[in-house]
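Notes for the one structure printed next.
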There are 2 protein chains.
Amino acid sequence: MKYSIQTISKVLGIPPSTLRYYDKEGLLPFVEKTSAGVRQFKDADIEWLLTIECLKQCGMKISDIAKYISLCEKGNSTINERYLMLQNLERNINEQIKFLKNSKKRIDFKLWFYQKLVETDGNFMAETNESYSFRNDAVDYIEKLHKIAENKNKAE
Amino acid sequence: MKYSIQTISKVLGIPPSTLRYYDKEGLLPFVEKTSAGVRQFKDADIEWLLTIECLKQCGMKISDIAKYISLCEKGNSTINERYLMLQNLERNINEQIKFLKNSKKRIDFKLWFYQKLVETDGNFMAETNESYSFRNDAVDYIEKLHKIAENKNKAE
DNA sequence: TTAAAAGTTGAAGTATACTTTAAGTTAATC
DNA sequence: GATTAACTTAAAGTATACTTCAACTTTTAA
């Protein structure tokens with residue numbers, strides 16, 4: 001089964017221009033072309049395209065995806081290098097998840113605070129030691145700033 | 001306590017050029033300036049900067065952060081609009097977390113597969129119905145593609 | 001077989017988020 | 001008081017990931 005760039009575009013929801021761009025950047029070395037230069041996608045290419053979309057959405061740069069794909073093309077001798085790349089990506093994913101979960105709590109705090117403000121007609125004050133407000137984190141930085149200011153005074 | 005752009009930059013790890021860029025884009029309307037035009041950061045600004053960094057890292061665009069900050073500046077009458085913005089951001093965060101968690105399992109599958117390949121000296125074949133491999137997802141798309149191909153044949 | 005539809009490349013254009021540079025002003029230090 | 005360090009703005013430049021355009025070729029279909 002062979003598919004045109006249009007068909008692949010519609011089914012996977014990736015614009016033809018993007019597929020051509022990917023090809024130009026070396027992300028699609030597996031896609032075959034007719035002697036006239038027309039791309040002919042095949043069933044097996046779908047798995048590659050899904051992998052590319054996953055890696056991209058996880059934050060991998062196009063140039064790094066190109067590198068990963070080229071390693072795949074080189075065969076089993078590159079498994080170790082590919083393993084390290086994916087391991088590194090996974091660490092990034094873990095960090096992203098951790099950060100997002102924490103941020104979610106902060107946003108939740110703000111949402112809760114806004115709701116309280118509405119309920120009390122603007123007369124609500126959150127406890128300063130409320131976890132996940134930004135104020136507590138700010139305090140740490142402000143301390144650092146005060147120390148810097150102190151040192152400047154000493155120097156004079 | 002007043003701090004220079006340098007000091008703030010060092011303590012928060014944001015380059016002065018970025019802080020100036022933020023200011024230009026309307027993210028720092030709260031930062032005061034001397035009559036000569038020199039920015040004078042104060043303790044209270046830290047909380048704002050932390051909020052900005054959080055929103056940015058959660059995927060909010062600079063222009064949207066500017067809009068949010070400007071709503072904050074307008075006072076309590078804009079709480080509803082701010083609430084909706086943060087609620088929307090939270091939905092995005094939830095989607096991101098969901099996607100990343102799923103992707104993590106896929107990457108894990110690939111890592112496991114690479115390990116098996118190394119252990120078996122390249123003679124390992126994963127079960128096709130292994131969850132979180134990309135092959136299973138690909139099958140769904142390939143089915144769609146086959147249906148499209150069928151319809152084309154019918155039309156001839 | 002011929003016109004329209006779809007494909008191709010290469011180059012330029014767009015969006016986003018900065019960074020760098022240039023030219024000048026202000027603040028701090030000797 | 002002068003030199004230097006730090007600050008300012010405006011504009012141009014960079015990186016990334018595409019999209020759009022122009023000019024042309026190939027395929028498809030009447």
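The figures here come from the full heavy-atom set of this structure, side chains too, leaving out hydrogens, waters and symmetry mates. Letters A, B, ... mirror the listed sequences (proteins, then strands); counts begin at 1.
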Base, sugar-phosphate alone, or nothing: which one does [X] contact when heavy atoms must sit under 4.0 Å apart?
X	answer
B:Q6	sugar-phosphate
A:P16	nothing
A:T18	sugar-phosphate
B:R20	base

Counting side-chain heavy atoms from CB outward, which of [options] is closest to [X]?
X	options	answer
A:T34	D:dT27, D:dT9, C:dT19	D:dT27
A:S4	D:dT20, D:dC7, C:dG7	C:dG7
A:K61	D:dT19, C:dC18, D:dT16	D:dT16

Separation of atom [atom1] in [X] from atom [atom2] in [N], rounded to whole Å:
X	N	atom1	atom2	result
A:K10	C:dG7	NZ	P	8 Å
A:Y22	C:dT9	OH	C1'	19 Å
A:L27	D:dA17	CG	C1'	11 Å
B:L55	C:dA17	CG	C1'	16 Å
A:I8	C:dG7	CD1	P	11 Å
A:Q40	C:dT8	CD	P	10 Å

Report the residue (A:V38 or B:K56) whose heavy-atom-nearest nucleotide on DNA chain C is the more 5′ of the two. A:V38

Looking at A:E53 and A:K56, does any basic side-chain N land under 4.0 Å from a carboxylate oxygen? yes

Assess whether a salt bridge exists between B:D45 and B:K42, defined as any Lys/Arg side-chain N lying under 4.0 Å from an Asp/Glu carboxylate O. yes

Give the ring-plane orientation class for B:W112 versus B:F109, where under 30° counts as parallel, over 60° as perpendicular and anything between as tilted. tilted

CA sep, side-chain torsions, deciding dist, call: A:M1, B:L145, side-chain contact (heavy atoms from CB on, under 4.5 Å): CA-CA 9 Å; A:M1 285 288 177; B:L145 286 165; over 6 Å; no

